[in-house]
Amino acid sequence: MPDSVAGSLLAWYDQHGRKNLPWHENRTPYRVWVSEIMLQQTQVNTVIPYYEAFMQRFPDVEALASAPVDDVLQHWSGLGYYARARNLQKAAIAVMEEHGGEFPDSQAALEALTGIGRSTAAAILAQAHGIRATILDGNVKRVLARYHAVRGWPGRPKVMNALWAHAEKHTPDARVRDYTQAIMDLGAMVCTRRRPDCADCPINDGCEALAQGIVAQLPESKPRKIMPEKETWLLLIEDDIGNLLMERRPPSGIWGGLWSLPEMDTAVTLDELPEIASRELGIQCEDPEPLAGFRHTFSHYHLHIHPVRLRLTGQSAIADSERLHWHPRSTAPSLGVPSPIRKLLTEPEQPSLV
DNA sequence: GATACGTGGCT
DNA sequence: TAGCCAAGTAT
């Protein structure tokens, strides 16, 4: 007996589904892959302009594999989750070197590429190759948690396994490309997190949560922890012609691999900053000048940022190294820079007071 | 199994 | 407004 959910979703998709997103044109594995990575934990409207620019600059896997990593990070600047960008290029190089420049077409081979997990691999198989494969993204989780009244937070493996099992069961043999898009579109357009439109849902007759009156309670949300507060100083070290010293952050951790301002923790005192700058950065400066600080909230903690201006004395020998780079104060950096830092550099007086 | 990882929109 | 959440994966 055919799965009525898939049939109903496909019929609805033909009428209402989204078919004109940028990555729907010319669905090569490369284009689908880049879109899927960008769309991880990121909303469609945020991704669209980044995707267009990225495809202009890196039209195929070879262009991405051979590009400087700073180019890739610059195009990712502002999107967040920057490990995605670094992994994207690592995987592009692997596709060139280990797969002769052609994307693999098996779940296992795709998952072996860094940054591609179970759901993204399945999305590439279904969207680019038309191979039957099952995705489970945030939209599908919500649809299935409601349709089958699956209790518990989907982050728990037991709940996740139940959702995967439901997802596998509904995946049809034919039209997997459209079905995959259909169930995501339903989650994005009808079975939304808030104010779902159950009256117009194509699968409302079989929906357990609707029958039980618990649609609004599913899926259950993650138990929240208190967010820690962290403090840091960012050093705006300027030379006499208005260049700022920027520092490449370590490859892991927050803003990994991006360029930011030299950072000190607030355990040191203001007076110590010139000496620390001399020792750590090899430059001579004086007159620490505290600027208005601001708070930046991440998913996991609040960061209190205290910018301090330091004026360089004499000439500096340091420039354009792997770790340190002078950048014109007046223009946005042509490197990968975190959004708050970009704002700090381009709107120096704008950060809100704490 | 739990945690880290960004940013912007929404209420 | 402060918290919640979004086309997840790596460690």
Side-chain angles (χ1 to χ4, degrees), chain A residues 17-18 21-24 32-51 73 76-88 90-91 110-124 126-127 133-143 152-161 163-164 167 180-189 191-195 216 219-230 249-258 260 295-303 336-343 352:
Chain A
R18 296 177 291 188
L21 293 168
W23 40 91
H24 292 166
V32 170
W33 170 53
V34 172
S35 76
E36 291 297 332
I37 300 298
M38 282 192 174
L39 287 161
Q40 288 169 3
Q41 303 289 281
T42 310
Q43 299 190 347
V44 168
N45 287 339
T46 303
V47 164
I48 288 172
Y50 282 89
Y51 183 80
L73 287 173
W76 214 270
S77 180
L79 251 192
Y81 286 139
Y82 298 97
R84 293 183 296 175
R86 300 192 302 275
N87 289 338
L88 199 69
K90 277 184 205 160
L110 284 168
E111 287 186 34
L113 296 170
T114 181
I116 298 181
R118 181 174 178 180
S119 190
T120 298
I124 295 169
Q127 296 286 345
T134 300
I135 66 160
L136 187 63
D137 68 354
N139 286 312
V140 180
K141 284 178 200 166
R142 185 170 54 256
V143 169
W153 173 52
R156 286 168 45 194
K158 198 169 180 180
V159 178
M160 188 75 89
N161 287 339
L163 292 172
W164 270 113
T180 297
Q181 189 65 45
I183 192 166
M184 284 192 291
D185 285 357
L186 188 81
M189 301 164 68
C191 194
T192 49
R193 185 165 62 88
R194 288 182 301 265
R195 301 168 57 92
E220 290 182 21
S221 57
K222 173 183 183 164
R224 286 291 163 183
K225 292 185 175 178
I226 298 168
M227 278 206 281
E229 309 269 344
K230 299 187 178 183
R249 298 182 61 88
S252 62
I254 194 79
W255 300 337
L258 272 69
S260 182
R295 190 173 84 155
H296 190 69
T297 298
F298 297 91
S299 306
H300 310 286
Y301 58 90
H302 299 297
L303 182 64
V337 176
S339 288
I341 302 302
R342 183 176 295 272
K343 285 176 191 160
S352 60

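Per chain, numbering begins at 1; letters A, B, ... match sequence-line order.
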With heavy atoms under 4.0 Å as the rule, sort [X] into base, sugar-phosphate or nothing.
X      : answer
A/T114 : sugar-phosphate
A/W76  : nothing
A/L21  : base
A/R118 : sugar-phosphate

Could you give the [atom1]-to-[atom2] distance, from [X] to [N], as a whole number of Å?
X      : N     : atom1 : atom2 : result
A/I226 : C/dA2 : CD1   : P     : 16 Å
A/W153 : C/dC5 : CH2   : P     : 11 Å
A/K141 : C/dA6 : NZ    : P     : 8 Å
A/E111 : C/dT9 : CD    : P     : 8 Å
A/L303 : C/dA2 : CG    : P     : 17 Å
A/W33  : C/dG8 : CH2   : C1'   : 16 Å
A/H302 : C/dT1 : NE2   : P     : 14 Å

**OP:** Could you check A/K90 against A/E36 and say which one's nearest nucleotide on DNA chain C is further toward the 5' end?
**Re:** A/E36

Subject >> Interatomic spacing from CG in A/N45 to CD1 in A/I48 - rounded to 0.5 Å >> reply: 5.0 Å

If you measure from the [atom1] atom in [N] to the same atom in [M], how many Å do you get, rounded?
N     : M     : atom1 : value
B/dC5 : C/dA2 : P     : 23 Å
C/dT9 : B/dG8 : P     : 23 Å
C/dT1 : B/dG6 : P     : 26 Å
C/dA6 : B/dG1 : C1'   : 23 Å

Subject >> Side-chain touch A/E36/A/I116, heavy atoms, less than 4.5 angstrom >> reply: no

Original post:
Any side-chain heavy atom of A/H300 within less than 4.5 Å of one from A/M227?
Top reply: no

Original post:
If the sugar-phosphate is the primed atoms plus P, OP1 and OP2 and the base is the rest, what is the B/S/- string for nucleotides 5-11 of chain B, using protein heavy atoms under 4.0 Å?
Top reply: BBBS-SS

**OP:** State which of C/dC5, C/dG8, B/dA2 makes the closest approach to the side chain of A/K225.
**Re:** B/dA2

Original post:
C/dT9, C/dC4, C/dG3: which one has an atom nearest the side-chain heavy atoms of A/T120?
Top reply: C/dT9

**OP:** Give a yes or no on whether the ring-centroid distance for A/Y81 and A/W255 is below 6.0 angstrom.
**Re:** no

Subject >> With sequence neighbours excluded, residues passing side-chain hydrogen bond (donor to acceptor under 3.5 Å, both in side chains) with A/T120 >> reply: A/Q40

Original post:
What pairs with A/T114 under side-chain hydrogen bond (donor to acceptor under 3.5 Å, both in side chains), at least two apart in sequence or on another chain?
Top reply: A/N87

Original post:
A/R224 side chain N/O closer than 4.0 Å to the phosphate oxygens (OP1, OP2) of C/dC4?
Top reply: yes

Subject >> Side chain A/R84, main chain A/I37, donor-acceptor under 3.5 Å >> reply: yes

**OP:** I would like to know whether A/M38 and A/W76 meet side chain to side chain contact (heavy atoms under 4.5 Å, CB included); could you show each step before the answer?
**Re:** CA-CA 9 Å; A/M38 282 192 174; A/W76 214 270; 3.5 Å; yes

